[in-house]
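Because only heavy atoms are used, hydrogens play no part in the values below, and waters and symmetry mates are left out as well, while side chains stay in. Values in this document were obtained by computation on a predicted structure and should not be read as measured data. Lettering of chains follows the sequences in order, A, B, ..., and the numbering in each one begins at 1.
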Amino acid sequence: MILGMKKKAKISAKNRPIKTSKKKPVTITTLKAYDHSALEKKWQQKWATKKIYKSVEDTKKPKYYVLDMFPYPSGEGLHVGHPKGYIATDIVSRMKRMQGYSVLHPMGFDAFGLPAENYALKTKTNPIDSVAKNVKRFKEQLEIIGLDYDWSREINTTDPAYYRWTQWIFLQLLKKGLAYESYEPINWCPVDKTGLANEDVENGRCERCGAVVEKKLMRQWVLKITDYADRLLNDLDAKSDPEITKSADSEIGSLDEANEKKALLDWPESIKEAQRNWIGRSEGAEIDFRLKFDDNKSRFVLLHGFQGSAQTNFLPWLKAELEKRGHEVEAPEMPNSMNPTEAEQVAYVLANCHFDENTVVVAHSLGCVVAMKTIMRLEKPISSLVLVAPAVDPMFDKHYATRPFSKSFSWDYNYSFIRSQTNGRITILSDRAETYRAKYLKFLAGKLSAKLIETEAEEEHFCSLQEPEILKAVTPAVTVFTTRPDTLFGVTYMVLAPEHPWVQTVLPQLRNKHEVIEYITKSKLETEIERTDAKKEKTGVELKGIKAVNPANDEEVPVWIADYVLADYGTGAIMAVPAHDDRDAEFARKYNLPIREIELENRDDMIHKYGRSIVKYKLRDWVFSRQRYWGEPLPIIHCDKCGIVPVPEKDLPVKLPRVKSYQPTGTGESPLTAISAWVNVKCPKCRGKARRETNTMPQWAGSSWYYLRYEDPKNKKALVDRRKEKYWSPVDLYIGGAEHATRHLIYARFWHKFLYDIGVASTIEPFIKLQSVGLIMGEDGRKMSKRFDNVVNPDEVVKRFGADTLRIYEMFMGPFDQQITWSTDSMVGSRRFIEKVWKLAIRASSAAAFGSPAKLASRTRKVLRSGQEESSDLTISARSDSPRTAEISADDALTRILHKTIKKVTEDIVALKFNTAVSSLMIAVNEMEKSPTVSREQFELLLKLLAPFAPHIADELWAAFGNKKSIHISEWPQYDPAQLQDDEVRIIVQVNGKVRGSFMAAKDTSNESLESSAKSLDEVQKWLDGKAIRKVVVVPNRLVSIVV
RNA sequence: GCCUGGGUGGUGAAACUGGUAGACACGCAACACUUAAAAUGUUGUGAGCAUUAGCUCUUGUGGGUUCGAUUCCCACCCCAGGCACCA
């Protein structure tokens, strides 16, 4: 047994009175051996039955919300590293409660997601059961550490009563257009058989299992976190004034003023920086480079609109411009323009124009209907189609039903055929001023998979004689993104990503088609890891047969494809400036492309003249569906007739069915698909046959808002009651692992801002102060893991040393946010400290007056034996006829030390510097041991300061001194500033910068007097040695520095 | 490559706005108590030279500012973390 402490604790009932200065004589329990096990258990039970940690919305008190990142209850239980953060919040929470705050310090469990599901698969238990078991085990482990959670507020993300609101939030996101179905290729983990968000991928591997992720094209639900990118970024540096409730989205006042305001978020710089990097904002410009074909065979067909002709609007101008560029242009004069019919006009166009693979059809207004109907009757595909402000389907606008042509034209298109006849190259130009057209054009663009360009026409509906936007749209151009528009004159070539859509477009016209196809195929075979390896030598192929035209100087530059250009960042195309970019330079040298040094232009001028400014983010929308069983079902119903139908809010929660087989399918559908009784439902809108969405939410969903639920955990009518939310929010202190910097902490901020926007949350940020916990490593220096067999179990440590010792040790180990190695051997120091406190109390309870220590006796004995009479005040005070003076001055000294300790401990807890707080407590205890007298007040004061750190022993001794109510609801001590100053200070004397002596002086002694005292010291005289003094610096109460 | 932290005894670490570097604790050594061990207590403990006084060196390295630098400035090395062919 450690330290020989094993006797059963017997708090003897033998009571006796003790005299104290203020109070009436009270009873003090005689203390015996310190037995942590019995004592800690006793107090944990007492706290629970008395409910002293219950959180109440008391409007008369200030509030303090302190939060832990809630645990994921894995099957392995807690190791000794987990409680470190919990102990820290517990200490803060206990002090704040004693300081008179109404404290909210809750705990719950985050249990949906892959780890629980994989564990369940491995152990062949249903996750519902294994989670319940694991939660129970976690709670037991937490309880023995003596944490002051209000368990009546416990939550669990897998509880339908909880995830009902997770689903509710999703529905609100859907309502606001922030949740959408997408068919883009996404990250897919082949081992876990599910799609992943960007945040779940680390260096091209699945963050959970380490498998290399693949790109997979599949249907998925996505949340538009990118809409919040700017706010997520800006609010990291928001100022706390103006009020917390106002977003820093807008301007941040004048600079000098802003500097004075405190930052709203008190977060570690590293985490803020990680988020900034992750959001990855860059300001730059988009610049269009026209493509020019060596062998120019494009032929244009221009189709005018209702009441128009080939001679009206922009048509003559456009024809001339295109002919200037060497194209052949046909602009038929369609019959009966004032009262047209579809049959007549289509027939006319078919008969009078030439259509082949090089034909580009440009149509305006009603001409667009003619164009599409014509294309539907062609046998062979054409090059591309440009629709300028197409006529609106009367279905979308009643006004159109009365137009003269509405009966003689039909809007009944074969969209997919048109798509294939144009090789998917369709552009729709929309004039922003024509708002009534917008909805239809969006619909049309969706049906045709067309590129929709919303722009400003020179005249409404593109009726001006010159419409440059149309010329831009019809002349093939590639848009590049650059952050260096000032280098535009240095462009010597252009590079497209191999996946760039334009590569497919121009492929038929290339002279080295096969070489290009081969390169594309090869780069597709590479994994993301191989492709994005910056050390790899760059490769590429020139697209022979086309050139890009630099808009700044009309220079024609070669066009290449190369896989160092990424398809999914910027526009997937770059302008290469080898003289000013290392990567371009490397590529240019390899392929002998020109490198041109230029003088930089003014950035803004260049953007204004040749492009448009734009902001790009690395942040991607949040892929929100998982093809797995163990998650919140997405509350969506798919109806053949009505399409995507949200589950009505009154029908929430959509409960996850209990199933026998939840093995992932790997097909891109979740195992829920097989549960036909659950999947097949009636459409809430039309009552027809419909199917439930079978994808589930990712693990991060439930944790993105849980802190709000603690404020009102049982509410059945709302996510959180408005009044309670206002009272508790925001979280004042949030402690957890730094590994959540770019996952949980970004997602939660995103959801919080959304909830703020819809009026659920009242603050722009959820967590005001954030602190990350440093990991505790195994004794072998590696991460604690079953795999390395280096896990230290807190239960065993508590059994051997007690929870109070564990708590003190974990706080004393080192700076809180620093990674540190566990050492069971080092725990004795903390244990000794606790025992010293215990012994001090024994000294108190076993003496008639609190001031004749056993130690004093032994010291006295020793002093007597060695015969060194003069050495100790103690001896004198113990034996002197008038011990009072010595005792009083010792008493004063101790009081002063205690006041310093109050200050230090209080400030250190606020600053989360627990290691130095413990150290100052140790200093205080050491001083008490040495002091000949310790008053009851002094000892109780120490107990209060100790209470947050070692709550069990503190309450035990507090009660032993006759206090009826728990120490944890007593009042936190305050220090007297007058007591912090010593009457005498040590003055250091330096000669030529070296310390040569010191002396004591009364506080605030004058500079002159200090100087002369310093000079008169023997050890100083030695160094002065009659030399001329060149300079003397005196710092009051500190030092005298003499230069010779 | 860019960004953010950090580098102090045998070990974990302290150090206010530039003012005695190494608080507090572990370990180690000696002593006391003990038949003995453990526990406890006392004393010592950055390195080197002298070992009595004392002197010199020392906060990753090299410079600088200053009466004085772990602290401020410049350059560099190393460690941890974030981002990364992001144009």
*Over all heavy atoms of both residues, which pair between Leu775(A) and Lys783(A) is shortest? Give the atoms and the distance, please.*
CD1-CE, 4.3 Å
*Choosing from rG5(B), rG27(B), rC85(B), which nucleotide comes nearest the side chain of Lys538(A)?*
rC85(B)
*Would you indicate which nucleotide in rC24(B), rA87(B), rA14(B) comes nearest to any side-chain atom of Leu566(A)?*
rA87(B)
_Measuring only the C1' atom in each nucleotide, how far is rC16(B) from rA69(B)? A whole number of Å is fine._
16 Å
*Name the nucleic acid region contacted by Glu273(A), choosing base, sugar-phosphate or nothing; use a 4.0 angstrom heavy-atom cut-off, strictly under.*
sugar-phosphate
*Heavy atoms under 4.0 Å, any strand shown: does Thr482(A) hit a base, just sugar-phosphate, or nothing?*
sugar-phosphate
_Sugar-phosphate, base or nothing in reach of Pro268(A), heavy atoms under 4.0 Å_ = nothing
*Between Asn915(A) and rA14(B), does any side-chain N or O lie under 4.0 Å from OP1 or OP2?*
yes
*asked:* Between rC57(B) and rG63(B), how far apart are the two P atoms, rounded to whole Å?
replied: 15 Å
_Nearest to side-chain heavy atoms of Lys618(A), which nucleotide of rC55(B), rA87(B), rC83(B)_ = rC83(B)
*Indicate, with a heavy-atom threshold strictly under 4.0 Å, whether Trp822(A) touches base, sugar-phosphate, or nothing.*
nothing
*Expressed in whole Å, how much space separates the P atoms belonging to rU71(B) and rU8(B)?*
14 Å
*Under 4.0 Å between any heavy atoms, over every strand shown, what does Lys536(A) touch: base, sugar-phosphate, or nothing? Just pick one.*
base
*Kindly say if Lys904(A) contacts the phosphate of rA14(B), meaning a side-chain N or O under 4.0 Å from OP1 or OP2.*
no
*Within a radius of less than 6.0 Å around CG of Asn1007(A), do more than 12 heavy atoms belonging to other residues, nucleotides or ligands occur?*
yes
_Regarding Asp568(A), tell me which of base, sugar-phosphate or nothing describes its non-hydrogen contacts under 4.0 Å with the strands shown._
nothing
*asked:* Can you tell me if Lys913(A) touches the phosphate of rA23(B), counting only side-chain N or O atoms and a distance under 4.0 Å to OP1 or OP2?
replied: no
*Ignoring hydrogens and angles, does a donor from either the side chain of Ser1041(A) or the base of rC67(B) sit under 3.5 Å from an acceptor on the other?*
yes
_Ring centers of Phe833(A), Trp838(A) separated by less than 6.0 Å_ = no
_If you only use heavy atoms from C-beta on, which nucleotide in rU4(B), rC67(B), rG19(B) is closest to the side chain of Lys1031(A)?_
rC67(B)
_C1' atoms of rU40(B) and rC79(B), separation to the nearest Å_ = 41 Å
*Look at the rings of Tyr569(A) and Phe481(A) and say which category their plane angle falls in: under 30° parallel, 30 to 60° tilted, over 60° perpendicular.*
perpendicular
_Please pick, from rA87(B), rA14(B), rU4(B), the nucleotide with the shortest atom-to-atom distance to any side-chain atom of Pro815(A)._
rA14(B)
*Should rG9(B) be called syn or anti, with syn set as within 90° of 0?*
syn
*Counting heavy atoms from C-beta on, name the nucleotide in rA14(B), rC24(B), rG82(B) closest to the side chain of Asn926(A).*
rC24(B)
*Nearest heavy-atom pair of Tyr809(A) and Ser830(A): which atoms, and what distance?*
CA-OG, 3.3 Å
*Given rA25(B), rU20(B), rU4(B), the nucleotide with the shortest approach to the side chain of Phe812(A)*: rA25(B)
*asked:* Need one value for Arg276(A): base, sugar-phosphate or nothing, where a base atom within 4.0 Å counts as base even if backbone is also close, heavy atoms only.
replied: nothing
*Can you tell me, in whole Å, how much space there is between the C1' of rA13(B) and that of rG6(B)?*
14 Å
*Do you know which two heavy atoms are closest between Phe489(A) and Ile598(A), and how far apart they sit?*
O-CG2, 3.7 Å
*asked:* Using a 4.0 Å heavy-atom cut-off, does Ser282(A) contact any base of the nucleic acid, only the sugar-phosphate backbone, or nothing at all?
replied: sugar-phosphate
*Might you point out which heavy atoms bring Ala573(A) and Val478(A) nearest each other, and give the distance in Å?*
CB-CG1, 3.7 Å
*Give a yes/no on whether any side-chain N or O of Trp1023(A) is located under 4.0 angstrom from OP1 or OP2 of rC55(B).*
yes
*Which nucleotide in the set rA87(B), rU20(B), rU40(B) lies at the smallest distance from any side-chain heavy atom of Lys839(A)?*
rU40(B)
_rA15(B) versus rU59(B) - spacing of their C1' atoms, nearest Å_ = 11 Å
*Nearest to the side chain of Ser826(A), which nucleotide is it out of rG19(B), rC26(B), rG12(B)?*
rC26(B)
*Does OP1 or OP2 of rA87(B) have a side-chain N or O of Tyr569(A) closer than 4.0 Å?*
yes
*Report which part of the nucleic acid Val995(A) touches: base, sugar-phosphate, or nothing (heavy-atom distance under 4.0 Å, all strands).*
sugar-phosphate
*Could you tell me whether the side chain of Arg832(A) has a donor or acceptor atom within less than 3.5 Å of a complementary atom in the base of rC26(B)?*
no
*asked:* Classify Ile271(A) by what it touches in the nucleic acid, base, sugar-phosphate, or nothing, heavy-atom distance under 4.0 Å.
replied: nothing
*Which of these nucleotides, rA87(B), rA23(B), rA25(B), is closest to any side-chain atom of Val565(A)?*
rA87(B)
*asked:* When the P atoms of rA25(B) and rG44(B) are compared, how many Å lie between them, rounded to an integer?
replied: 14 Å
*asked:* Quick check: on RNA chain B, is the nucleotide nearest Arg1038(A) upstream (toward 5') of the one nearest Lys1022(A), or the reverse? Name the residue that is more 5'.
replied: Arg1038(A)
_Heavy atoms only, 4.0 Å cut-off, all strands: where does Arg996(A) land among base, sugar-phosphate and nothing?_
sugar-phosphate
*Would you mind pulling out the nucleotide paired to rC55(B), Watson-Crick or G-U wobble, both distances under 3.5 Å?*
rG48(B)
